[in-house]
Amino acid sequence: MATILLISPEPWSAHSVSKHHYARLLAQRGHHVLFLEPPDSRLHELHLTPISGHPGLEVLKSGRTAPGLRFMPAPLRRAIEHNWLKRLERRLGKRVDVVWLFENSRFYDLRFAGDRLKIYHQVDINQTFHPAKAAKTATISFCTTDLIREELLPHSDRVHVIHHGLQQSGAASELSDEQRRRFDGSGPHLLYAGNLAMAYLDVELLAAVAKDNPDATLHLVGGGPDDAPLRRAIANQPKVVWWGQVPSNTIPALLEQADILLVTYLERHWRDQANPHKLMEYLGSGKVVVATYTHQYRSERRLLAMSELGGDYLALLREVKANLDKWNSPDRQLQRKAFAHENTYERQLERIESLLVARGLKTFGELS
């Protein structure tokens, strides 16, 4: 099986997103996965740490590849990065078959990896360090939105859109009786899950949701400091339930208890939030989603209620509340669940390997 170097802009300990899920899944399939974290300036050697419960998956820690690397001429930079890769291979005692790059601030000139399979995978459009060079020098590139693909296509015709994935886990957690009681009472239960202090969150809109819907209970699931703008904006609202950060395996049970799931991002950032990761998990619950404009779902209006740019989100929410039986009908819930289950990480990895074959490339299992 293949040895895969996965280069991540986030540490292994961060909230699990696509690169973490792909790393686990590849290891489950028998590949040796090295998850390279952001550089640690305190380190002078390579450090490999096996991940308990995930045979074949190791976190790789490294210092800076070289001081001032970004100021060096391109051929020298590539030579230094190539030597770093060879040092890693000497440590492993075997060749790295795949370099899978999830960022473009380092190792972005993928020619450093020679004839290995070089994958560039851009998840966010605001990763703007060196996306053109990464796409141009990759064997194949993947991205999560049509908008990113449009920006990369002038530099490579080997760019494909792969949706965010749904993480399926057999270890989903049930809610306690006390947690279930938070969903008691009349009126619909609205729920927003995510970082409650993130810059893209439309705090004014979410505060308006709380104030303009006194019949509803607003559940807020996610981390954020006590003095975050959202807490100040709705501190005195009586029907707001602050869950704080909860284990990821608890979130599916929370989503299932809610009536309406919310996506509320600032309109000026619609390009950055064209395909939020949370939407696939929302859809997996089957419950209706009321979203600010979400470009990647513009042709999937059967799945969610989406406001247009410049549209009236609060009016849309009122319409959904008034017609919950229609929006949360068994047929519609089945449609949403079916869409999400067609986009599990297992299915996305199958799509990626099919695209490798379509490009005349070897799959991961053929690279060992």
Side-chain angles (χ1 to χ4, degrees), residues 15-18 21 123-124 144-145 162-169 172-173 175 179 182-183 188-196 198 200-202 205-206 209 213 216-223 241 243 245-266 269-270 272-307 313 316-317 319-321 323-324 326-345 347-348:
H15 176 69
S16 288
V17 287
S18 54
H21 296 311
V123 174
D124 299 311
T144 55
T145 71
I162 295 289
H163 236 308
H164 282 301
L166 174 70
Q167 173 61 16
Q168 290 183 302
S169 173
S173 175
L175 299 183
Q179 289 173 323
R182 297 182 189 181
F183 289 96
H189 289 267
L190 319 180
L191 187 146
Y192 177 91
N195 180 354
L196 300 179
M198 74 177 300
Y200 298 132
L201 183 65
D202 191 333
L205 180 58
L206 204 48
V209 167
N213 294 276
T217 300
L218 175 60
H219 298 258
L220 297 171
V221 182
V241 180
W243 287 82
Q245 198 158 357
V246 301
S248 59
N249 63 353
T250 301
I251 291 176
L254 292 175
L255 301 182
E256 289 178 5
Q257 290 293 313
D259 299 299
I260 299 173
L261 306 174
L262 306 178
V263 174
T264 50
Y265 290 120
L266 290 163
H269 292 299
W270 70 268
D272 300 283
Q273 296 302 315
N275 189 7
H277 188 273
K278 66 163 60 63
L279 249 176
M280 199 63 74
E281 193 165 16
Y282 275 11
L283 293 171
S285 75
K287 297 301 178 66
V288 62
V289 181
V290 179
T292 44
Y293 182 68
T294 308
H295 187 76
Q296 198 61 27
Y297 285 83
R298 66 197 183 281
S299 300
E300 299 288 354
R301 302 305 179 98
R302 64 192 171 87
L303 298 174
L304 71 168
M306 185 198 306
S307 180
Y313 182 91
L316 177 61
L317 178 57
E319 191 276 330
V320 171
K321 278 172 48 187
N323 297 278
L324 259 180
K326 180 188 81 171
W327 285 98
N328 276 341
S329 69
D331 284 348
R332 287 202 170 190
Q333 292 201 47
L334 284 174
Q335 282 185 333
R336 296 179 190 119
K337 289 179 179 179
F339 179 85
H341 286 278
E342 267 300 301
N343 286 280
T344 61
Y345 278 102
R347 292 287 289 119
Q348 307 306 40

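Residue numbers start at 1 and run along the sequence shown.
By the side chain to side chain donor-acceptor pair (under 3.5 Å) test, Tyr313 pairs with no residue at all, sequence neighbours left out. With sequence neighbours excluded, the residues that form a ring-ring contact (aromatic ring centres under 6.0 Å, His included) with His277 are His164. Judged as a side chain to side chain donor-acceptor pair (under 3.5 Å), and not counting sequence neighbours, the contacts of Asn343 are Gln348.
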### Task
Determine, stepwise, if the pair Asp124 / Asp272 fulfils side-chain contact (heavy atoms from CB on, under 4.5 Å).
CA-CA 7 Å; Asp124 299 311; Asp272 300 283; over 6 Å; no

### Task
Decide yes or no on salt bridge (Lys or Arg N to Asp or Glu O under 4.0 Å) for Arg302 and Glu300, but give the supporting numbers first.
CA-CA 5 Å; Arg302 64 192 171 87; Glu300 299 288 354; 3.2 Å; yes

### Task
Could you please spell out the steps behind the side-chain contact (heavy atoms from CB on, under 4.5 Å) verdict for Thr217 and Phe183?
CA-CA 8 Å; Thr217 300; Phe183 289 96; over 6 Å; no

### Message
One pair to check against side-chain contact (heavy atoms from CB on, under 4.5 Å): Lys278 and Val263. What are the steps and the verdict?
### Response
CA-CA 9 Å; Lys278 66 163 60 63; Val263 174; 4.2 Å; yes

### Task
For the pair Glu281 and Gln167, evaluate side-chain contact (heavy atoms from CB on, under 4.5 Å) and give the outcome as yes or no after the intermediate values.
CA-CA 8 Å; Glu281 193 165 16; Gln167 173 61 16; over 6 Å; no

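Taking the side chain as every heavy atom from C-beta outward, Leu220 and Leu206 approach each other to under 4.5 Å. With contacts defined as side-chain heavy-atom distances shorter than 4.5 Å, the pair Leu317/Leu262 qualifies. Side chains of Lys321 and Ile260 form a contact here, defined as non-hydrogen atoms less than 4.5 Å apart. Looking at Leu205 and Thr292, their side chains come closer than 4.5 Å, going by heavy atoms from C-beta outward. Here the side chains of Leu304 and Arg336 are not in contact, with every heavy-atom distance at 4.5 Å or above. Contact annotation: the side chain of Lys287 never approaches that of Tyr282 to less than 4.5 Å [non-hydrogen atoms, C-beta and beyond]. Using a 4.5 Å cut-off on side-chain heavy atoms (C-beta onward), His189 and His219 make contact. Put simply, the side chain of Thr294 does not reach to within 4.5 Å of the side chain of Gln273, judged on heavy atoms.
Counting only distance, with no hydrogens or angles, the side chain of Asn275 and the backbone of Gln296 share no donor-acceptor pair below 3.5 Å.
Side-chain N/O atoms of Trp327 and Glu319 include a donor and acceptor closer than 3.5 Å. Side-chain contact annotation: His295 with Trp270, donor-acceptor N/O pair under 3.5 Å absent.
In this structure, Leu283 CG and Glu342 CD are separated by 13.5 Å, a value rounded to the nearest 0.5 Å. Rounded to the nearest 0.5 Å, atoms CG (Leu218) and CG (Leu191) are 8.0 Å apart. Atom CG in Leu303 sits 7.5 Å away from atom OH in Tyr297 (nearest 0.5 Å). Between the CG atom of Asn195 and the NE2 atom of His15 there is a distance of 9.5 Å, given to the nearest 0.5 Å.
Closest non-hydrogen pair, Leu324 versus Pro188, comes out as CD1-CB, 4.0 Å. When all heavy atoms of Ser18 and Val123 are compared, the closest pair comes out as OG-CG2, 3.6 Å. When all heavy atoms of Leu255 and Ser285 are compared, the closest pair comes out as CB-CB, 3.7 Å. Contact between Thr264 and Leu201 at its shortest, heavy atoms only, is O-CD1, 3.4 Å. In terms of heavy-atom proximity, Ala253 sits nearest to Ser173 at CB-O, 3.5 Å. Contact between Leu196 and Tyr192 at its shortest, heavy atoms only, is CD2-CD2, 3.7 Å.
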